[in-house]
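Worksheet: the structure to be examined is printed underneath.
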Amino acid sequence: KNGVLAAIGIYDGIHEMINEFKDKGHITNDGSHLSILKQDIVEKIDDLGITLQETLNVVATETIARDLVNGVYKPRYEPLNFHEIFNVHKRDARFPFKFIPIDFPPEISLDPQLVQYIHRNAFTNACKYGKKGGVVRTIFDYDSKEKTLEMKVINEPGIFHDKILKMGRHAKEQVFRPGKRLHSASEDPSSVRLSSGDGAWIMRNCARALNGNCDYDFQENETVFTFTCPAKIIRNGIKHSSNQVDSNKKILPLPQETWGIAIDDSKVQRKLLHKFLSHTGIETNKIIIKGETLLEIRTFDDFVVDLVKKHPQDLFLIIVDENMDCTEDDKLITISGSLHVQNILKMLDSDLNKQILALVRSANDSSADIAKYEARAHGFINKAPIVKNGVEKILAPLWIKRFGIDECGSETASDDTSHSSEASSKDTDNKIDLELELKNSIDRIDVLIKTNDCSNTTMLVMELLHALKGDLMTYSTNDFCVQAMDLADAIRASPKLDERAILKWGQLKELVISLVIRLKEAE
């Protein structure tokens with residue numbers, strides 16, 4: 001999951017640079033070969049982003065399915081644009097989507113992970129067990145009077161359809177039982193290898209979690225899967241419910257007296273956190289990112305408490321990584337960010353507590369994990385891709401719930417154009433800094449390997465290789481970086497720094513040096 005998140009972060013950076021070129025007129029429609037090539041690159045990057053996001057959604061929904069089966073998942077309602085989450089504009093003629101009525105609501109409040117899990121499993125079953133190469137239709141029908149959503153996935157009959165029809169009502173009873181399939185091993189061995197038989201059972205659990213239901217109807221000429229549930233339309237950013245904060249409320253830029261403080265043990269994530277806080281409109285001199293050293297992590301509580309006491313009238317947005325891995329006394333330890341927050345809030349009086357919004361950011365997002373974070377802090381942020389236009393949507397409900405509408409920023413508090421220019425300049429500075437960091441990392445690892453005389457050195461080399469790999473992931477996905485990351489993984493997989501590992505290190509060092517030279521030439 002973290003790997004996918006890092007890749008999406010790389011994609012976002014590349015896409016922002018290309019959009020900057022487009023805005024400046026470097027990519028034109030003059031018919032030149034270069035222009036066409038660049039347009040193709042833009043399209044390929046868009047496809048990459050969609051693919052990575054869909055992959056991440058699969059991981060997330062499978063995690064939710066586990067929690068759902070164990071009875072610990074609670075639906076998380078948010079505004080859904082069905083055309084966007086199912087990438088309707090990318091579908092081909094074999095997989096058509098239809099929306100009823102014509103003015104299908106632009107946004108409906110539902111849990112996106114549960115809805116996508118139900119559709120993906122129904123769609124996969126339709127492709128696997130329906131007619132090979134046949135059409136699979138998806139129909140969404142919203143009843144505004146009853147306030148219900150109906151989803152149908154319809155496929156043409158497969159080769160075993162006649163046998164299912166002979167089962168009659170028994171087929172419906174069997175399909176939703178855990179561990180049961182309608183196709184036996186002798187009929188379709190591939191389905192046995194690829195499926196546990198729990199998909200339909202989990203789909204029904206997802207539907208019931210949304211106070212809905214699902215069913216299969218095996219007709220003579222088609223198989224129809226139907227999912228229905230209550231669903232409320234969101235109009236003008238307001239859902240017709242009394243227990244949910246408006247996630248479309250404009251809160252950015254945040255008030256000028258706001259500080260942004262974050263901590264993470266990963267260099268990549270620290271850069272992403274700086275990007276996140278920059279997009280909130282917080283002034284650069286009020287953004288503080290910690291976590292580079294064990295000392296910074298250990299003393300984070302005291303640092304934040306001292307800063308809040310020095311500025312009692314200001315507001316503080318604090319974002320902490322939950323699991324920070326460090327080395328202490330030659331042992332690998334994990335320090336909890338949410339416990340840091342809990343300590344900070346305990347050390348401050350009630351008046352100063354009111355000035356803080358403290359959030360836990362983690363890739364571990366099970367219901368049990370989130371309950372722990374929310375018990376210690378004010379909320380939870382998933383490790384999702386950081387996109388400028390998405391920051392407000394993530395932050396608004398948490399900010400308003402904590403501070404109310406009165407503490408939202410004004411439109412005149414920040415000049416977006418100048419802020420973008422400053423951010424662009426910052427990105428250039430970061431690029432130069434990263435080149436130096438790569439060279440310094442190579443030199444430091446090289447010295448350690450040449451003086452390899454104890455197990456402690458091996459442990460430190462492995463940690464530095466992990467950090468080096470993270471830096472490479474922020475650069476690019478070109479062949480140099482891919483080969484370098486593969487070599488770093490191969491060395492870290494070695495139990496010790498033997499001759500084979502040292503040989504691979506020589507290859508890795510040459511690749512990284514070549515990469516630094518190329519990057520300097522491209523400036």
Side-chain angles (χ1 to χ4, degrees), residues 1-2 5-6 59-60 63-64 66-67 70 72-74 76 245 258-277 280 282 287-309 315-328 331-350 352-384 386 391 394-403:
K1 185 174 181 179
N2 282 323
L5 288 168
V59 176
T63 303
I64 287 170
R66 175 200 65 196
D67 292 343
N70 292 324
V72 295
Y73 183 78
K74 294 180 181 179
R76 305 169 198 165
V245 178
T258 304
W259 292 74
I261 306 172
I263 185 168
D264 199 296
D265 63 309
S266 163
K267 186 180 296 183
V268 176
Q269 296 302 325
R270 287 198 296 273
K271 293 181 185 299
L272 291 175
L273 284 167
H274 195 287
K275 179 181 177 182
F276 182 95
L277 293 172
T280 67
I282 295 175
I287 296 177
I288 301 171
I289 312 294
K290 296 284 189 177
E292 185 175 355
T293 65
L294 175 61
L295 181 63
E296 285 190 354
I297 295 174
R298 284 293 194 196
T299 60
F300 185 70
D301 311 27
D302 294 332
F303 171 81
V304 174
V305 169
D306 289 344
L307 187 65
V308 173
K309 287 181 177 179
L315 299 174
F316 293 85
L317 171 59
I318 302 172
I319 303 175
V320 301
D321 176 41
E322 172 57 7
N323 297 308
M324 292 178 280
D325 299 323
C326 314
T327 302
E328 187 174 48
K331 293 181 180 179
L332 290 173
I333 60 171
T334 300
I335 298 175
S336 166
S338 62
L339 283 178
H340 267 312
V341 170
Q342 190 177 58
N343 292 336
I344 290 167
L345 298 178
K346 285 180 179 179
M347 294 163 70
L348 295 170
D349 62 38
S350 58
L352 292 176
N353 260 293
K354 293 176 183 177
Q355 303 298 102
I356 296 173
L357 170 60
L359 306 173
V360 179
R361 185 170 179 262
S362 176
N364 300 325
D365 56 0
S366 70
S367 295
D369 288 323
I370 293 174
K372 177 179 66 177
Y373 307 148
E374 293 181 341
R376 297 172 177 175
H378 302 126
F380 161 73
I381 296 179
N382 205 333
K383 278 192 177 178
I386 295 175
V391 169
I394 293 169
L395 197 56
L398 298 161
W399 184 271
I400 295 172
K401 183 180 179 181
R402 182 63 179 165
F403 297 125

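As the structure is a computational prediction, the values presented were derived from the model and not from experiment.
Listed by chain and number, the residues in a side chain to side chain contact (heavy atoms under 4.5 Å, CB included) with T327 are L332, M459, E463 (sequence neighbours excluded). K354 meets the side chain to side chain contact (heavy atoms under 4.5 Å, CB included) test with D351; sequence neighbours excluded. Remark: F276 pairs with no residue by the ring-ring contact (aromatic ring centres under 6.0 Å, His included) rule, at least two apart or across chains. Listed by chain and residue number, nothing satisfies the side chain to side chain contact (heavy atoms under 4.5 Å, CB included) test with D306 (two or more places apart in sequence, or in another chain). Checked against side chain to side chain contact (heavy atoms under 4.5 Å, CB included), K372 has the following partners two or more places apart in sequence or in another chain: E322, D369, R376. In terms of the salt bridge (charged side-chain N to carboxylate O under 4.0 Å, His left out) criterion, E292 has no residue partners (sequence neighbours excluded).
In this structure the side chain of H378 reaches within 4.5 angstrom of the side chain of I356, judged on heavy atoms. D321 has its side chain out of reach of Q269: every pair of non-hydrogen atoms, C-beta onward, lies at least 4.5 Å apart. Side-chain contact check for L272 versus D264: every heavy-atom pair is 4.5 Å or farther apart. In this structure, R76 and I370 have side chains that are in contact, with non-hydrogen atoms separated by less than 4.5 Å. Between D302 and M347, some side-chain heavy-atom pair lies under the 4.5 Å cut-off. At least one side-chain heavy atom of I318 sits less than 4.5 Å from a side-chain heavy atom of F300. Under the 4.5 Å side-chain criterion, counting only non-hydrogen atoms from C-beta, I344 is not in contact with V308. Contact of the Q355 side chain with the L348 side chain is not registered, since no non-hydrogen atoms from C-beta on lie closer than 4.5 Å.
From S338, atom OG reaches atom CG of L359 across 12.0 Å, with rounding to the nearest 0.5 Å. Atom CD1 of I319 and atom CD1 of I381 lie 4.5 Å apart (nearest 0.5 Å). Atom CG in D265 sits 7.0 Å away from atom CE in M324 (nearest 0.5 Å). A distance of 10.5 Å separates CZ of F380 from CD1 of I394, quoted to the nearest 0.5 Å. The distance from the CG atom of N353 to the NZ atom of K346 is 12.0 Å, given to the nearest 0.5 Å.
Looking at every heavy atom in both residues, A358 comes nearest to A377 through O-CB, 3.4 Å. Considering all non-hydrogen atoms of both residues, L398 and G379 come closest at CD2-CA, 4.1 Å. Taking every heavy atom of both residues into account, V391 and T280 meet most closely at CG1-CG2, 3.8 Å. Taking both residues in full, the closest heavy atoms of N382 and S362 are given as OD1-O, 3.3 Å, listed atom of the first, atom of the second, then distance. The two residues E328 and R298 have their closest heavy-atom pair at OE1-NH2, 2.6 Å. In this structure, A262 and L273 approach most closely via the heavy-atom pair CB-CD1, 3.9 Å.
At distances below 3.5 Å, at least one donor-acceptor pair connects side-chain atoms of T293 with backbone N or O atoms of E296.
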Intermediate values then yes/no, side chain to side chain contact (heavy atoms under 4.5 Å, CB included), L294 and I335:
CA-CA 10 Å; L294 175 61; I335 298 175; 4.1 Å; yes

When you look at F303 and I288, which way does the side chain to side chain contact (heavy atoms under 4.5 Å, CB included) test go after all the steps?
CA-CA 11 Å; F303 171 81; I288 301 171; 3.8 Å; yes

Which is it for F403 and T258 under the side chain to side chain contact (heavy atoms under 4.5 Å, CB included) test, yes or no, and what are the steps along the way?
CA-CA 12 Å; F403 297 125; T258 304; over 6 Å; no

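For the side chain to side chain contact (heavy atoms under 4.5 Å, CB included) with D325, the lone residue among T334, I333, I297 that qualifies is T334.
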